[in-house]
Amino acid sequence: AQSVTQLDSHVSVSEGTPVLLRCNYSSSYSPSLFWYVQHPNKGLQLLLKYTSAATLVKGINGFEAEFKKSETSFHLTKPSAHMSDAAEYFCVVSYTGFQKLVFGTGTRLLVSP
Amino acid sequence: DSGVTQTPKHLITATGQRVTLRCSPRSGDLSVYWYQQSLDQGLQFLIQYYNGEERAKGNILERFSAQQFPDLHSELNLSSLELGDSALYFCASSDRDGYTEAFFGQGTRLTVV
């Protein structure tokens, strides 16, 4: 079955320090991978996507993620956190031939001044 | 703004009642997906339509149904409502049939009392 695991339910960082949100996926098929962000009382916004092109994917707001097939990982990083980055982040996987996106359980990013 | 419009934004109703949630996809998108987000279940895929046809079903209860109309807007009907149906319901759209990124609306928050 398709699945994705977000390894941390909460991550706390200080403003200006790096962000690392971890995600692992099941490897039954060639996946497409996404990161979405959800700000409080808002919908989900696509941050970035991997669809078998470059393994290092750049997204919006300075975020990037690296697809590592050997580790079945797709971790999200940002060099320097901003207060506005505080939100819930979802790692999402989809597989060729399957009609749905499978969401991880989410990681809440807290940014302190 | 994702271009996906959901109405209403908030809905409060009593147990046993029936409600209809409406979604207008982004211009040109043929696929519509419905998701339910609750604290205990996370984000769950409910159902997908592509160009008016049902394409995939997820964890959708028999009391719930959906359809996509010729103008591509979609409605999710929830009947015999229970307290546990209280959740945020998201609609998303994409230009292809499955396994691609989707653009999410702001959601409808349903409260069953």
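Within every chain, numbering begins at 1; the chains are lettered A, B, ... in the order of the sequence lines, protein sequences first and strands thereafter.
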For L39(B), does the CG atom sit with more than 12 other heavy atoms under 6.0 Å from it, leaving out its own atoms?
->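 Not buried by this count: 12 neighbours or fewer within 6.0 Å.
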Measuring heavy-atom distances to chain B, does [X] have an atom under 4.5 Å in its side chain, in its backbone, in both, or in neither?
X      : answer
K49(A) : side chain
Q38(A) : side chain
L46(A) : side chain

Close aromatic pair by centroid cut-off 6.0 Å: Y35(B) and F103(A) = yes
Applying a strict 4.5 Å limit to non-hydrogen atoms, the region of Q37(B) in contact with chain A is side chain
Would you mind checking which part of I47(B) comes under 4.5 Å of any heavy atom in chain A, side chain (CB onward), backbone (N, CA, C, O), both or neither?
->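 Neither; nothing under 4.5 Å.
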Quick one: of G42(B), S2(B), S94(B), A102(B), who has the most non-hydrogen atom pairs under 4.5 Å with chain A?
->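 Ranked by contacts with chain A, first place is A102(B).
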Side-chain heavy atoms nearer than 4.5 Å, only ILVMFWY residues, links allowed to pass through others: does that put [X] and [Y] together?
X      : Y      : value
V32(B) : L78(B) : yes
Y33(B) : L88(B) : yes
L61(B) : L21(B) : yes
W35(A) : L56(A) : no
Y50(A) : L76(A) : yes

Could you walk me through whether K42(A) and F104(B) pass the side chain to side chain contact (heavy atoms under 4.5 Å, CB included) check?
-> CA-CA 10 Å; K42(A) 299 282 188 186; F104(B) 283 76; over 6 Å; no
Do the side chains of L43(B) and T105(A) get nearer than 4.5 Å, heavy atoms only?
->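 The answer is no; the side chains never approach within 4.5 Å.
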Stepwise, does the side chain to side chain contact (heavy atoms under 4.5 Å, CB included) test hold for L48(A) with E101(B)?
-> CA-CA 9 Å; L48(A) 51 79; E101(B) 76 268 27; over 6 Å; no
Output the rest of the hydrophobic cluster of L72(B): all Ile, Leu, Val, Met, Phe, Trp and Tyr residues reachable through side-chain heavy-atom contacts under 4.5 Å, sorted by chain and number.
->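 The other cluster members (ILVMFWY side chains, heavy atoms under 4.5 Å, direct or chained) are L30(B), Y50(B).
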Partner set under ring pair (Phe, Tyr, Trp, His ring centres under 6.0 Å) for Y89(B), not counting sequence neighbours = none
Evaluate side chain to side chain contact (heavy atoms under 4.5 Å, CB included) for L101(A) paired with F45(B), printing each intermediate quantity in order.
-> CA-CA 7 Å; L101(A) 302 174; F45(B) 169 73; over 6 Å; no
